[in-house]
There are 2 protein chains.
Amino acid sequence: MKDVATAAGVALKTVSRVVNGEPGVNPATAERVREAIDRLGYSRNESARVLRRGRTATVGLVIEDVADPFYAGLSRAVEEVVIGEGCLLLSGSSGEKPARERELVRTFCARRVDGLIVVPAGDDHSYLRPELDAGTPAVFADRPPGPGLDVDTVLSDNAGGAREAVGHLLAHGHHRIAMLGDHPSIYTAAERLAGYRAALGPLFDSRLVAMRGPAPETVWDDLERMLALDSPPTALFTGNGRLTVTALRALGGRRMGLVGFDDFELADLLTPGVTVVAQDPAGMGRVAAELLFRRLAGDGGPSEHVELPVRLIPRGSGELPP
Amino acid sequence: MKDVATAAGVALKTVSRVVNGEPGVNPATAERVREAIDRLGYSRNESARVLRRGRTATVGLVIEDVADPFYAGLSRAVEEVVIGEGCLLLSGSSGEKPARERELVRTFCARRVDGLIVVPAGDDHSYLRPELDAGTPAVFADRPPGPGLDVDTVLSDNAGGAREAVGHLLAHGHHRIAMLGDHPSIYTAAERLAGYRAALGPLFDSRLVAMRGPAPETVWDDLERMLALDSPPTALFTGNGRLTVTALRALGGRRMGLVGFDDFELADLLTPGVTVVAQDPAGMGRVAAELLFRRLAGDGGPSEHVELPVRLIPRGSGELPP
DNA sequence: TAACCCTCTGACAACGTTGTCTGGCCGTCC
DNA sequence: GGACGGCCAGACAACGTTGTCAGAGGGTTA
């Protein structure tokens, strides 16, 4: 910038004015400055600008894993909003590891992101307190923050969706409905288990529940064990997209009632089509980002807790008779 | 930092030394400083650090769309390497729009990213020249840069993969093999078309080729038109993952030979399983990031052009008889 | 005892911007 | 003709860090 000023024969500040489109510059001077800028290939150093102004025009996003379609969709939607607001997105995957989540947030904060969108891996977020107090807003998505933190949150109707899924299977005549879910330490898994249990009522049988995550071996084991029971399950409720797919592989063509949480591509092309309770990852990302920007615009109201509806999509597997 | 210095009763510079783990600080003093840091919840302002040191420890990534599994996988692998190097990743989706690609790169450069990884949407990258000359290295992935730019590049063996796919169908008795591809203006699409053509030799028939992208309507139209020919195709080669899926939907259960470029989840669970030529998105991301960091470490050698092998995975659809 | 070295600490400038303030010039109005 | 206001332009400090250099104090050596 100094070079540009010298080249154009004006003061530093005048160049700054031109670059920022501030008023009060003679058009002829401005033109001369612009010409010098082009000639020297100058581009403003955002770091210095950030340092001076305090706003980075950057938002940090922490998710589980970009390679998971659910989070990829969420990520894309967040990005869309962020770019639309003239900001940039720093993102990172926690890989379900609380330590890494924390490390990412810490790093983002050190870079003075204007705001954070977090899909938490852990359940202790007290480390966020100083940042929040310092005025960096945060929005939690998909899962709520740990106790003691009251911030904007966007969740799916996990329990309701699970109730609906299990209710659907019950309505199609199933009484023995198994559930495969993620570790109950994960909020969404616990909620879905609760919904499952609520829908089953007295039909609930703990032998038909396995909450050990999507690893193929454990899914395989659990299914085998359940199917060997005296009264084996005639239907299955899977607690997330990964589990649905893993279970489909483990079942290997054996036909049984199946409803999965999370929609996935090609669910309609399998035979039978896979009935799912679909979440709206893009909607979740969009809403979270919009909430964040509302805070950044100065909204100091009480924290918002949005619950997004889910949608049962019958495709065949959930309508199979027992 | 100034506050910390005051609180600990030392000079600014001493705090800086402690924060950066520089030697030459009395352990007792360092402890006092650390205590003050904890008490005040201080965290270093990276913007100022960047301004002073010139390195941002940030890498910019431009892809088509995070929500596309191929790019999600690539993205994740890049992230892994970048974080491993202690850097952060700024990413953005171009959505196949050259203007947006350019805008993203421009913004990244204004933020002084240390390096760029680009999946280009356009084919004119002369706008990168100043940045490259200024010492910001760039690596192109999945598609090469436009003419006149000689930078590190990581590509899949597109033509070879297409040849192998079509050869596989030929070997299983097909003579009328159609191709659905993306617009030939996209490098990978053109390469795959070339491979298809080379494999077919005299059997090539332009009426069996449609390069109009993955929009369902056009795929539907094209397939209908081809199947109505006097000698309709008995097999299909699809030019990317999206097209494969769209084509599967359009075919709606009609059995015909099929090999798709790009692997996708559940390809093995469909009936028949879908034979594919699998790329390695994670490998591509990893290699691209590693190349970039090699440059950042000072490697000034001639530009590297890596071609990643692809792998044919027979699953049934490519082995159907005519 | 003087000269020296070593360890630890601090003062200061600089990185590239932007906000604030001041000043010169010109035209207008009393 | 003097006072005033508006338009431009520039000088300067400040943002929070780090690199450079200098200095204080204590121990060792000649």
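Throughout, a chain's letter reflects where its sequence line sits, starting with A, and its residues are numbered from 1.
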Would you sort out whether A:E80 and B:R100 count as a salt bridge (charged side-chain N to carboxylate O under 4.0 Å, His left out), showing the intermediate values? CA-CA 12 Å; A:E80 216 67 47; B:R100 181 133 171 214; 3.4 Å; yes
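Residues passing the side-chain contact (heavy atoms from CB on, under 4.5 Å) test with A:R106, sequence neighbours excluded: A:E103.
One side chain, B:S303 or B:D150, offers a donor N or O that lies under 3.5 Å from an acceptor on the other.
Counting heavy atoms from C-beta on, the side chains of A:Y187 and A:L155 come closer than 4.5 Å.
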Any chance you could list the contact pattern along nucleotides 8-17 of chain C? Use B for base contacts, S for sugar-phosphate-only contacts and - for none, protein heavy atoms under 4.0 Å, 5' to 3'. SBBB-BBBBB
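Using modelled atom types, one side-chain atom of A:T153 and one backbone atom of A:V151 make a donor-acceptor pair closer than 3.5 Å.
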